[in-house]
Amino acid sequence: MSSLNLDDFTDLIERPDGGVRRDAEARRERQIVPPGALGRLDELGEWLAAARGTVPVRPVERPRVVLFAGDHGVAELGVSARPAGGAEHLVRAVLEGASPVAVLARRLEVPVRVVDMALDCDPDAFPKDVVRHRVRRGSGRIDVEDALTPEETEAALRAGVAVADEEADSGTDLVVLGDVSVGGTTAAAVLVAALCGTDASVVTGRGGEAIDDLAWMRKCAAIRDALRRARPVLGDQLQLLATVGGADLAAMTGFLLQCAVRKLPVILDGVVAAACALVAQRVAFRAPDWWLAGHDSGEPGQAKALDRMALEPLLEQGVRVGEGVGALLALPLVLSAAALAAELPERPAAEEESEEEQGV
């Protein structure tokens, strides 16, 4: 389909350091708080140690929220509570600090980056650093036409790779990944259904701003029609993204793959991020070892994708707003796990010897 060889990612992506993880587990056994008493925080601290390659784990000092933005032509069918082409207003709210993710990021002192891949608006509407990776104005209506041309798909995926490199090179040490889109959950559901071999009704959710029953039926029908177009191209992940994805989804897929190459941990947000992760897993089976599932959004497609990748959500708060909010809420949990793993003191050597002698 193109000159881009996705197989290269399989060769470039390594797993987090297993030796470091074993060292982290051994250190945890020696700390004053009994292993298991901190629940899943133990596992998170050990995972982060392996991902960052050091014991004790280095603290996360420069996290960043990265949001890929785009409009989807399928929104014209009334599958979303938001108007087709309305992602421009969502992006503006983020940039102006008035959206939920902007409020939380400000409180947590985490910078937010928005990457316009296919907003349905004039590119002059936003600063150049937001629009410089844009591939097109809106993505195609996937129930009847391809979302992207082959050239646009490759350009979008390469843009995602470039953004990952920019973040890694600038010192970002953990990414909170989300999307800002209208119609994006529909495209994501198609990808999940196609890759998991399920029917449209199994993956059709209500979206960030919940839709009514009639809109749900329209969404289910659109996903069903798009699935018919997706199944013949399942063997080619670039072609799949071109057929039923979108510029923002293709970019997120490339971003996730390159983050794994660069050993940059990622917290996934909702169903759109999960769908892109599922595509990326098909490309490089080791890539999911670099990702965490931030939360359970309640979207059935997200649950299906995370189950396929064996990723368990960190939080269950019913957050459906998207924009990286649920994943950002999980960030303090990850930071807490790193702090406890690094800073809890170890038991004195004499105490350990005494326990060994007693067979403890």
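This one's a predicted model, so the numbers in the text were calculated from it and none came from an experiment.
The environment of CD in E14 is sparse: at most 12 heavy-atom neighbours from other residues, nucleotides or ligands sit within 6.0 Å. Enclosure of atom CZ in R22 is not indicated, since only 12 or fewer non-hydrogen atoms of other residues, nucleotides or ligands lie within 6.0 angstrom.
Taking 4.5 Å as the limit, every side-chain heavy atom of V175 sits out of range of all side-chain heavy atoms of P63.
Residue H72 forms a side chain to side chain donor-acceptor pair (under 3.5 Å) with just one option from T186, D248, T185, D120, and that option is D248.
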message: For a salt bridge (charged side-chain N to carboxylate O under 4.0 Å, His left out) check, start with the C-alpha distance between R228 and D225, then their side-chain angles and the critical distance, and finish with the verdict.
response: CA-CA 5 Å; R228 294 195 185 108; D225 292 343; 2.8 Å; yes
- prompt: How far apart are the C-alpha atoms of E151 and R136, what are their side-chain angles, what is the distance that settles it, and do they pass the salt bridge (charged side-chain N to carboxylate O under 4.0 Å, His left out) test?
  reply: CA-CA 11 Å; E151 294 75 21; R136 58 179 282 168; over 6 Å; no
- request: I would like to know whether D42 and R28 meet salt bridge (charged side-chain N to carboxylate O under 4.0 Å, His left out); could you show each step before the answer?
  value: CA-CA 8 Å; D42 284 346; R28 181 67 188 89; 2.5 Å; yes
query: Yes or no on salt bridge (charged side-chain N to carboxylate O under 4.0 Å, His left out) for D71 and R137, after CA distance, side-chain angles and deciding distance?
result: CA-CA 8 Å; D71 281 295; R137 181 166 178 162; over 6 Å; no
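Both L41 and L329 are members of a single hydrophobic cluster when ILVMFWY side chains are connected at heavy-atom separations under 4.5 Å.
By the 4.0 Å N-to-carboxylate-O rule, E166 lies close enough to R132 to be salt-bridged with it. Salt-bridge check for D169 with R262: passed, with a basic side-chain N closer than 4.0 Å to an acidic carboxylate O.
Residues D116 and H133 bring no donor and acceptor atom of their side chains to less than 3.5 Å of each other.
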